[in-house]
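Everything numeric in this text was worked out from a predicted model, so none of it was measured. Atom set for the values below is all heavy atoms of this structure, side chains included, hydrogens, waters and symmetry mates excluded. First listed ligand is number 1; within each ligand, the first listed atom is number 1.
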Amino acid sequence: MKKILITGALGQIGTELVVAMRKAYGTGNVIASDIRPSPPAGELAEGPYAVVDVTLPQQIADVVKQQGINQIVHLAAILSATGEAKPKLAWDVNMSGLFNVLEVARETKAAVFTPSSIAAFGPTTPPDKTPQNTIQRPTTMYGITKVGGELLCDYYYLKYGVDTRGVRFPGLISYVALPGGGTTDYAVHIYYEALKHKHYASYIGKGTFMDMMYMPDALDAIVQLMEANPDHLIHRNAFNVTAMSFDPEKLAASIRKYIPEFALSYNVDPVRQGIANSWPNSLDDTAAREEWGWNPKYDLDAMTKDMLAQLKVKLAL
Ligand code: NAD
Ligand code: AKB
């Protein structure tokens, strides 16, 4: 039986992953944790919760041992834009936090899933159809911690046999929790503004293509990869995965299919634009498709239709 600890569970991914995993594995078998004192009222609060600061190894070890955890989904992290503003915090949380999780997993023989990102690539990476194995010289602190994290996870698998697995997520789009300080967040904010004001001023410039994915596909990716037969995995840390690639204009055109009067303007933020410029335009996710059956369900228009319908309900519009 799986007994799962999710770190950083109150963030954009964890908020939905906890609920999805509790449905799949049983409420009592999925322990949500975060540095914050308690979960917000709602579905997330209807199950076990622990305060775990991943920079404090004893807090991770205590909950893993007390609860008999055999799988850790490690989501606690500082994302790209916040990481550029607070590089030391990003290093401490992303590198020391992951090291602490891997050490506890080594001692307790727990499996570990942790996401890498398109940020693990940099300006010298081939930008189109970026291969699974290629140049990784990122120029952001977040990206540096993601490459370091991929290597550290491989090290714990090769040296200690810890069952580490990961994906390189693109920008994730969702309507339940807001994104937490990334570069791709514009692609979430645009939907809220389209519904509320029929206008959005994008901080990412025209023609800047990045890979993206709708949250239901991201949740499936995590569960599918952790359920995959290890004998079929040639790669582990971390698989390229993607569902679509767009720039603000293409996203706006999709929104206009449902809100014809929607207007897009630009107010480019040099920091986040610089980060976006250093990331690929599109990934090649053949290895994930071949090794564990990755196959996303949502393309841009299917995602837009669902996002707008769900947000209308959420915002009571
Ligand atoms: P998020 O910023 O929404 O959530 C991160 C959570 O970590 C927050 O709830 C925060 O309170 C918590 N946290 C921060 N410091 C902590 C600490 N010291 N101890 C414990 N918890 C702490 O992030 P997310 O979008 O849910 O991302 C989760 C993971 O997925 C991260 O590793 C991120 O790099 C990766 N990822 C996310 C995306 C995306 O678009 N959301 C894309 C690629 C990769
Ligand atoms: C960010 O923009 O920092 C994240 C990511 C792609 O890793 N959404």
Query - Atom indices of ligand 1, in the order listed, that fall short of 4.0 Å to a heavy atom of Pro170 - result: 40 (O), 42 (C), 43 (C)

Query raised in the report: Just heavy atoms, cut-off under 4.0 Å: does Ser116 contact ligand 1 by side chain, backbone, both, or neither?
Result: backbone

Report task. Check ligand 2 against Ser80 and write out every atom of the ligand that is under 4.0 Å from a heavy-atom position of the residue. Result -> 1 (C), 2 (O), 3 (O)

Report summary line: When distances are taken from atom 18 (N) of ligand 1, the protein heavy atom at minimum range is Asp53 OD1, 3.0 Å

Query raised in the report: Nearest protein heavy-atom contact for atom 4 (C) of ligand 2: which residue, which atom, what distance?
Result: Leu79 CD2, 3.8 Å

Query - Ser117-ligand 2 polar pair, N/O distance under 3.5 Å - result: yes

Query raised in the report: Any idea which protein heavy atom is nearest atom 4 (O) of ligand 1, and the distance to it?
Result: Gly11 CA, 3.2 Å

Query raised in the report: Which residue holds the protein heavy atom closest to atom 8 (N) of ligand 2, what is that atom called, and what is the gap in Å?
Result: Thr184 OG1, 2.8 Å

Query raised in the report: N/O of Val54 under 3.5 Å from N/O of ligand 1, yes or no?
Result: yes

Report task. Heavy-atom contacts with Ile118 under 4.0 Å: which atoms of ligand 2 show up? List them by number with element. Result -> 6 (C)

Query - ligand 1 contact by Gly171, heavy-atom criterion under 4.0 angstrom - result: yes

Requested in this report: Considering only non-hydrogen protein atoms, determine which one is nearest to atom 23 (O) of ligand 1 and report residue, atom name and distance to 0.1 Å.
Outcome: Leu79 CD1, 3.4 Å

Query - Distance-minimising heavy-atom pair for Ala177 and Gly11 - result: CB-O, 4.0 Å

Query raised in the report: Would you call Glu227-Arg165 a salt bridge at under 4.0 Å N-O?
Result: no

Report task. Would you mind listing which atoms of ligand 1 come within a distance below 4.0 Å of any non-hydrogen atom of Leu75? Result -> 28 (C), 29 (C), 31 (C), 32 (O)

Query raised in the report: Quick check: does any side chain N or O of Asn70 sit under 3.5 Å from a backbone N or O of Met1, one acting as donor and the other as acceptor?
Result: yes

Query raised in the report: Should we say atom OH of Tyr155 is surrounded by more than 12 heavy atoms from elsewhere, each under 6.0 Å from it?
Result: no

Query raised in the report: Looking at Lys305 and Asp301, does any basic side-chain N land under 4.0 Å from a carboxylate oxygen?
Result: no

**Report entry** Cation-aromatic face contact Arg256/Phe262, 6.0 Å, 45 degrees
**Finding:** no

Requested in this report: May I ask you to check whether over 12 heavy atoms, not counting those of Lys86, lie within 6.0 Å of atom NZ?
Outcome: no

**Report entry** Lys3 side chain vs Gln67 backbone, donor-acceptor pair below 3.5 Å
**Finding:** yes

Report summary line: Residue, atom and distance of the protein heavy atom nearest atom 14 (C) of ligand 1 read Ala77 O, 4.2 Å

Requested in this report: Before accepting this row, confirm whether a basic side-chain N of the pair Glu46/Arg22 lies closer than 4.0 Å to the acidic partner's carboxylate O.
Outcome: no

Query raised in the report: Without hydrogens or angle criteria, can the side chains of Glu193 and His199 be said to hold a donor-acceptor pair below 3.5 Å?
Result: no

Report summary line: The atoms of ligand 1 lying under 4.0 Å from a heavy atom of Lys146, numbered in the order shown, are 31 (C), 32 (O), 33 (C), 34 (O)

**Report entry** Nearest-neighbour protein heavy atom for atom 40 (O) of ligand 1, which is reported as residue plus atom name and distance
**Finding:** Leu172 N, 2.9 Å

Query raised in the report: Can you list the atoms of ligand 1 that are under 4.0 Å from a heavy atom of Pro115?
Result: 29 (C), 30 (O), 32 (O), 35 (C)

Report summary line: ligand 1 atoms nearer than 4.0 angstrom to some heavy atom of Gly180 are 2 (O), 3 (O)

Query raised in the report: What are the two closest non-hydrogen atoms of Val176 and Lys314, and how far apart are they?
Result: O-NZ, 2.9 Å

Query raised in the report: Which residue owns the protein heavy atom closest to atom 36 (N) of ligand 1, what's the atom, and how far is it?
Result: Tyr142 OH, 3.8 Å

Query - Ala119 near ligand 1 by a heavy-atom separation under 4.0 Å - result: no

Report summary line: the protein heavy atom lying closest to atom 26 (O) of ligand 1 turns out to be Ile13 N, 2.9 Å

Query - Under 4.0 Å to a heavy atom of Ser117 - the qualifying atoms of ligand 1, by number - result: 43 (C), 44 (C)

Query raised in the report: Between Arg272 and Asp269, is there a side-chain N and carboxylate O pair less than 4.0 Å apart?
Result: yes

Query - For atom 10 (C) of ligand 1, closest protein heavy-atom neighbour - result: Asp34 OD1, 3.6 Å

Query raised in the report: Relative to ligand 2, is Ile275 under 4.0 angstrom through side chain, backbone, both or neither, heavy atoms considered?
Result: neither

Query raised in the report: Does an N or O anywhere in Trp279 fall below 3.5 Å from an N or O of ligand 2?
Result: no

Requested in this report: Please say whether His74 places an N or O atom under 3.5 Å from an N or O atom belonging to ligand 1.
Outcome: no

Requested in this report: Enumerate the atoms of ligand 2 whose separation from the nearest heavy atom of Thr183 is less than 4.0 angstrom.
Outcome: 1 (C), 2 (O), 3 (O)

Report summary line: ligand 1 atoms nearer than 4.0 angstrom to some heavy atom of Arg36 are 8 (C), 9 (O), 11 (O)

Query raised in the report: Within 45 degrees of the axis of the six-membered ring of Tyr157 and under 6.0 Å from its centre: does Arg236 put its NZ or CZ there?
Result: yes

Query raised in the report: Is the side chain of Gln71 donor-acceptor paired with the backbone N or O of Ala110 at a distance under 3.5 Å, no angle test?
Result: no

Query raised in the report: What residues, two or more places apart in sequence or in another chain, satisfy ring-ring contact (aromatic ring centres under 6.0 Å, His included) together with Phe209?
Result: none

Query - Ionic contact status for Asp285 with Arg168, cut-off 4.0 Å - result: no

Query raised in the report: Are the side chain of Asn281 and the backbone N or O of Asp128 linked by a donor-acceptor pair below 3.5 Å?
Result: no

Report summary line: Candidates Thr7, Ile6, Val52; heavy atom nearest atom 20 (C) of ligand 1 found on Val52

